[in-house]
Number of protein chains: 2
Amino acid sequence: MGCMARPVRRSGTRQPSKRYHHGDLPRALLHEAVHTIQRDGVEALTLRGVGDRLGVSRTALYRHFTSKQALLASVASEGFRMLRQELDEAWTAAGRGAAGFEAMGRAYVRFAVRHSSHYRVMFGGHLDPSQRQAIADDQRANSRDESDAFGMLVQAIVEQQQQGIVRPDDPQTLALYIWSVVHGVAMLAIDRLLESPREIEELIGFALERMRTGIALPKS
Amino acid sequence: MGCMARPVRRSGTRQPSKRYHHGDLPRALLHEAVHTIQRDGVEALTLRGVGDRLGVSRTALYRHFTSKQALLASVASEGFRMLRQELDEAWTAAGRGAAGFEAMGRAYVRFAVRHSSHYRVMFGGHLDPSQRQAIADDQRANSRDESDAFGMLVQAIVEQQQQGIVRPDDPQTLALYIWSVVHGVAMLAIDRLLESPREIEELIGFALERMRTGIALPKS
DNA sequence: ACCTGAACACCGTTCAAGT
DNA sequence: ACCTGAACACCGTTCAAGT
């Protein structure tokens, strides 16, 4: 363990350190938790385990998280933030509209598959209602236009209604329906009911096509 | 504890007893497990707890189930059996066809809401793959036409394709899509993201309508 | 055949104590 | 300010022993 030159810190710019032992333990704990869940499942996550693997006492975690639940809530919160960002990027990169909407759908399922540990914690019912509410509030407060991932979906629908390519039903209800479809596909995918990536891509493609037909403005 | 007249048992007709202590402990354990999950969630299920509540030692369970996992697998298995039966009844009672299909969709979500503890165990990722496979095999073996709930759905689709009211896509893929929709709605409903029963009924109604439009045979 | 009680190796969490 | 070690009240599971 040689001693390394430490970068000067200006007040308030607290940059992340790569070393956890004396560095950014909260971030390291979060990363290790995600890694463990990804490898062995949520049930296998153990505070003693993450402590050991980080070379730290099994109670060190309590300096940064109030409980195991709080650690899981942080995983979920990080997941929602990443999901929103990836949906946003997909929507914008595809030039919004119908193409952007399809890109969002694909991005959603891809996120669930690639970050299945985050996704499981986000929607697996491991969080109690109060924590879930806290995360949702936090999410809206920290996004520039005060909307979370679901809010983004609603906005995308409204925009397409104005373009005359989506039927003029209640946007909230439409959003719930669409979320049901992609969430269902995502669950099928990450539960390994679907084997290959190709199989998943095929189903999401099919689902988005049928979904689009179902919500399209009927030709007058 | 007075002594009660016990009904005579003919061989092979082993009828369920209301008393667990000397009666049908496996069934009592299963019932108590479901009840506990329904009230406090899967994480709160504890072998010691069910033992206590049944007035039985905490290791008595091991005479009838190999492990806690096996107990959960039994809950799931019972759930799949009930689901298949309720879908079957809905489909038949509504006279099959398009009406029967809609009835199946509603029955599916209603099952998830009413038996949310079963549903959570069935699809919450609490079972490991080997047990899940065993349940699926058992399910097909014990149904008269060798099809589980998913198989029923496929059959219903094929029948509607023959009637010319559903587009001639691959029935398996169509079934996966439809399952995604109802599963997504069910998850939204039981996670209390939807408050009132009316709200749930409205969403499932809307979802089935949009889904039907999406999979209908296009007018030539 | 069915159930018990003690024992074992694990948990999350608290708290006084160390630096 | 941050971390540790012992302690506490819980787990699932095993196994010899009871009836």
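These numbers were taken from a predicted model, which means no experiment stands behind them. Residue numbers begin at 1 in each chain, while the letters A, B, ... track the order of the sequences.
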Determine, for nucleotides 6-11 of chain C in 5'-to-3' order, which nucleotides have protein heavy atoms under 4.0 Å from the base (write B), from only the sugar-phosphate (write S), or from neither (write -).
B----B
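- One can place CZ of B/Phe65 at 13 Å from P of C/dC2, the figure rounded to the nearest angstrom.
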Would you write out the dot-bracket form of DNA chain D, 5' to 3', with Watson-Crick and G-U pairs under 3.5 Å, [ ] for crossing pairs, | for pairs to other strands and . for unpaired bases?
||.|||||...|||||.||
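- Spacing between atom CG of A/Leu25 and atom P of D/dC2 amounts to 10 Å, rounded to whole angstrom units.
- Distance, A/Arg63 CZ to C/dA17 P: 15 Å, rounded to whole Å.
- The local environment of NE2 in B/His31 is sparse, with at most 12 non-hydrogen atoms from other residues, nucleotides or ligands closer than 6.0 Å.
- Classification of A/Asp191 and A/Arg120 as a salt-bridged pair holds, one side-chain N sitting under 4.0 Å from a carboxylate O.
- Atom OH in A/Tyr62 sits roughly 16 Å away from atom P in C/dA16 (whole-Å rounding).
- At a cut-off of 3.5 Å, with distance as the only test, a side-chain donor of A/Arg84 or A/Ser147 sits close to an acceptor on the other residue.
- Judged as a side-chain hydrogen bond (donor to acceptor under 3.5 Å, both in side chains), and not counting sequence neighbours, A/Ser74 has no contacts.
- No more than 12 heavy atoms of other residues, nucleotides or ligands lie within 6.0 Å of CZ in B/Arg198, so this atom counts as exposed by the packing criterion.
- With ring centers used as reference points, A/Trp179 lies under 6.0 Å from A/Phe123.
- When distances run from any side-chain atom of B/Ala60 to the nucleotides D/dT14, D/dT4, C/dT4, the shortest one goes to C/dT4.
- In this entry the distance linking CD of B/Glu43 with C1' of D/dG12 reads 16 Å, nearest Å.
- As rounded to whole Å, 14 Å separates atom C1' of C/dT13 from atom CG of A/Leu71.
- Regarding contacts with the backbone of D/dC3, a side-chain N or O of A/His64 is found under 4.0 angstrom from either OP1 or OP2.
- Residue A/Arg106 places its CZ atom among more than 12 non-hydrogen atoms of other residues, nucleotides or ligands, all under 6.0 Å distant.
- Between A/Tyr119 and A/His115, the ring center distance fails the sub-6.0 Å criterion.
- Rounded to a whole Å, the CG atom of A/Leu54 is 15 Å from the C1' atom of D/dT4.
- No hydrogens or angles considered: a donor-acceptor pair under 3.5 Å links the side chains of B/Gln38 and B/Ser116.
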